[in-house]
Amino acid sequence: MLEVSEVTRAVTLPDGSELSILRGVNLRVFAGERVAILGRSGAGKTTLLNLLGLIDRPTSGSIRFRGQDAAALSEARLAKLRGASVGFVFQQFNLLENRTAHANVVMPLLYGSPKQFWQRERLALEALRAVELADRADQLPRQLSGGEQQRVAIARALVRQPALLLADEPTGALDVGTGQLVMRLLARMSAETGSALVTITHDLFVAATAERILLLQDGVLRECTLDEAEQALRADAREREATELRDRV
Ligand SMILES: Nc1ncnc2c1ncn2[C@@H]1O[C@H](COP(=O)(O)OP(=O)(O)OP(=O)(O)O)[C@@H](O)[C@H]1O
Ligand SMILES: [Mg+2]
């Protein structure tokens, strides 16, 4: 469904120098699959997610999404493909603060197919029902707990039945128990709707809910076991501690 080959991404810094973030990423994601991407802070996870979600374009390499070469599409076509096929879930939920849960979930349907547009009220309510929040439909985000807000965000991400669901640290702002509930919900929704789920995390427990774990390190992605992922994260944590210690003395 998604095929990423030798993708690089570099940005130009204010001083004119080039920062190479991704150096040759290869990845294939199949329909309905659950993949976790792990990596230390600054490894380029969000950068990669923005490429997978057709928000940014790679510096080089190719991304094929459902058989289409993303590079060959105009901005408008790309935005249309993204809207119809990709759902996003973010760490900070990113809900519109002065709109109800229902209105937040309706939002993507305003840009959907004519059928989605005309049935938006009902479809949004169904999506909220799927995350067990139909009874909170008329509440504002601030009237909901963090976990509930994230469930609204999941309903919003799924309401157009995307082929690909991308989650960037979806449990990062939640306590452990709520985070686990949210991950279980994401896995269940992916199974029920057949959307592939790519979750970015530095939480090992979150990674353990995936069928496949990939580690982003030195600008490349490689498949790894849960044990290898744990070791890599430990090494990063040790290195960070050492740096902090050095900075303090
Ligand atoms: N537009 C940009 N201009 C300059 N530097 C950038 C830009 N985008 C990303 N970077 C840098 O590239 C690196 C990777 O950023 P990215 O946000 O992808 O990391 P991440 O793995 O998501 O980190 P975190 O876990 O902290 O969210 C960082 O060092 C970041 O500062
Ligand atoms: Mg990030």
Side-chain angles (χ1 to χ4, degrees), residues 2 4-27 29 34-61 63 70-71 75 78 82 86-95 146 149-150 153-154 157 164-176 179 182-183 186 197-210 212-224 226 228-244 246-247:
L2 181 67
V4 174
S5 322
E6 294 302 326
V7 156
T8 72
R9 172 89 174 160
V11 294
T12 308
L13 298 178
D15 68 1
S17 65
E18 283 265 295
L19 174 69
S20 165
I21 305 172
L22 303 176
R23 298 166 187 267
V25 168
N26 293 292
L27 170 67
V29 181
R34 288 197 315 279
V35 178
I37 296 179
L38 262 87
R40 63 195 292 181
S41 180
K45 302 183 298 296
T46 298
T47 303
L48 176 58
L49 199 85
N50 288 339
L51 297 177
L52 302 182
L54 310 175
I55 291 177
D56 292 327
R57 292 177 188 268
T59 304
S60 69
I63 297 180
E75 279 314 316
L78 207 59
R82 177 172 63 235
V86 189
F88 293 91
V89 176
F90 305 96
Q91 179 172 351
Q92 298 300 338
F93 326 134
N94 292 16
L95 298 174
Q149 289 184 58
Q150 193 61 303
I154 290 170
L164 177 63
L165 196 55
L166 296 175
D168 194 350
E169 304 263 2
T171 64
L174 305 173
D175 64 68
V176 175
V182 161
M183 284 318 295
L186 277 171
L197 172 63
V198 176
T199 305
I200 282 185
T201 183
H202 23 225
D203 184 335
L204 211 58
F205 289 103
V206 172
T209 65
R212 203 145 64 87
I213 303 177
L214 300 158
L215 189 64
L216 183 60
Q217 215 168 28
D218 305 321
V220 297
L221 207 52
R222 68 176 174 84
E223 206 142 331
C224 69
L226 197 57
E228 287 171 321
E230 184 173 14
Q231 278 164 25
L233 288 179
R234 279 231 192 96
D236 283 344
R238 269 201 303 276
E239 198 178 301
R240 232 181 0 259
E241 267 169 35
T243 316
E244 274 167 24
R246 205 168 47 232
D247 289 348

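Every number for a ligand or one of its atoms is a count from 1 in the order of the listing. Every heavy atom of this structure was used, including side-chain atoms; hydrogens, water molecules and symmetry mates were not.
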**OP:** Confirm or rule out an N/O/S atom of Thr47, from backbone or side chain, lying less than 2.8 Å from the Mg ion (ligand 2).
**Re:**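 Under 2.8 Å: Thr47 has no N, O or S contact with the Mg ion (ligand 2).
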Original post:
Looking at CG of Leu221 and NZ of Lys45, how far apart are the two atoms once the value is rounded to the nearest 0.5 Å?
Top reply: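 Separation between the atoms: 11.5 Å.
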Original post:
Between the side chains of Thr12 and Glu18, is a donor N or O closer than 3.5 angstrom to an acceptor N or O?
Top reply: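 Distance-only check passes for Thr12 and Glu18.
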Subject >> Location of contacts on Leu19 toward ligand 1, heavy atoms closer than 4.0 Å >> reply: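 Under 4.0 Å from ligand 1, Leu19 contributes side-chain atoms alone.
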Original post:
So which bit of His202 gets within less than 4.0 Å of ligand 1, heavy atoms only: side chain, backbone, both or neither?
Top reply: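 His202 to ligand 1: side-chain contact only, backbone stays beyond 4.0 Å.
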**OP:** Establish whether atom 30 (C) of ligand 1 and some protein heavy atom are separated by less than 4.0 angstrom.
**Re:**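 Protein heavy atoms within 4.0 Å of atom 30 (C) of ligand 1 - there are none.
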Subject >> side chain to side chain contact (heavy atoms under 4.5 Å, CB included) partner of Leu165, the single match among Val198, Val86, Leu186, Thr199 >> reply: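 When Val198, Val86, Leu186, Thr199 are each tested with Leu165, the side chain to side chain contact (heavy atoms under 4.5 Å, CB included) holds only for Leu186.
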Original post:
Do Glu6 and Asn26 have side-chain heavy atoms sitting under 4.5 Å apart?
Top reply: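 When only atoms from C-beta onward are counted, Asn26 and Glu6 do touch, with a gap below 4.5 Å.
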Among all protein heavy atoms, pick the one closest to [atom] and tell me residue, atom and distance.
atom	value
atom 23 (O) of ligand 1	Gly42 N, 2.8 Å
atom 27 (O) of ligand 1	Thr46 OG1, 4.0 Å
atom 10 (N) of ligand 1	Ile21 CD1, 3.7 Å
atom 25 (O) of ligand 1	Lys45 NZ, 2.7 Å

[Y] backbone acceptor or donor facing [X] side chain under 3.5 Å:
X	Y	answer
Thr8	Ser60	yes
Gln150	Phe90	yes
Arg212	Glu223	no

**OP:** Would you check the N or O atoms of Leu13, main chain and side chain alike, for any that come under 3.5 Å of an N or O of ligand 1?
**Re:**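 No.
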Subject >> salt_bridge(Arg234, Glu230) N-O dist < 4.0 Å >> reply: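 Here Arg234 pairs with Glu230 in a salt bridge, since their nearest N and O are under 4.0 Å apart.
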Original post:
Do Glu75 and Arg57 meet the salt-bridge criterion of a basic N to acidic O distance under 4.0 Å?
Top reply: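 Looking at Glu75 together with Arg57, the answer is yes, because their closest N to O distance falls below 4.0 Å.
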**OP:** Report the member of Gly44, Ser41, Ser20 with the shortest heavy-atom distance to atom 26 (O) of ligand 1.
**Re:**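 Nearest option to atom 26 (O) of ligand 1, by heavy atoms: Ser41.
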**OP:** Tell me which one of Leu51, Val11, Thr47 gets a heavy atom nearest to atom 5 (N) of ligand 1.
**Re:**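 Residue with the shortest heavy-atom distance to the ligand atom: Val11.
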**OP:** May I ask whether Ala43 places a heavy atom under 4.0 Å from ligand 1?
**Re:**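 Yes, Ala43 has a heavy atom closer than 4.0 Å to ligand 1.
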Subject >> Per-atom contacts of ligand 1 with Arg40, taking only distances under 4.0 Å to non-hydrogen atoms >> reply: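 Going through ligand 1 atom by atom, the ones under 4.0 Å from Arg40 are 21 (O).
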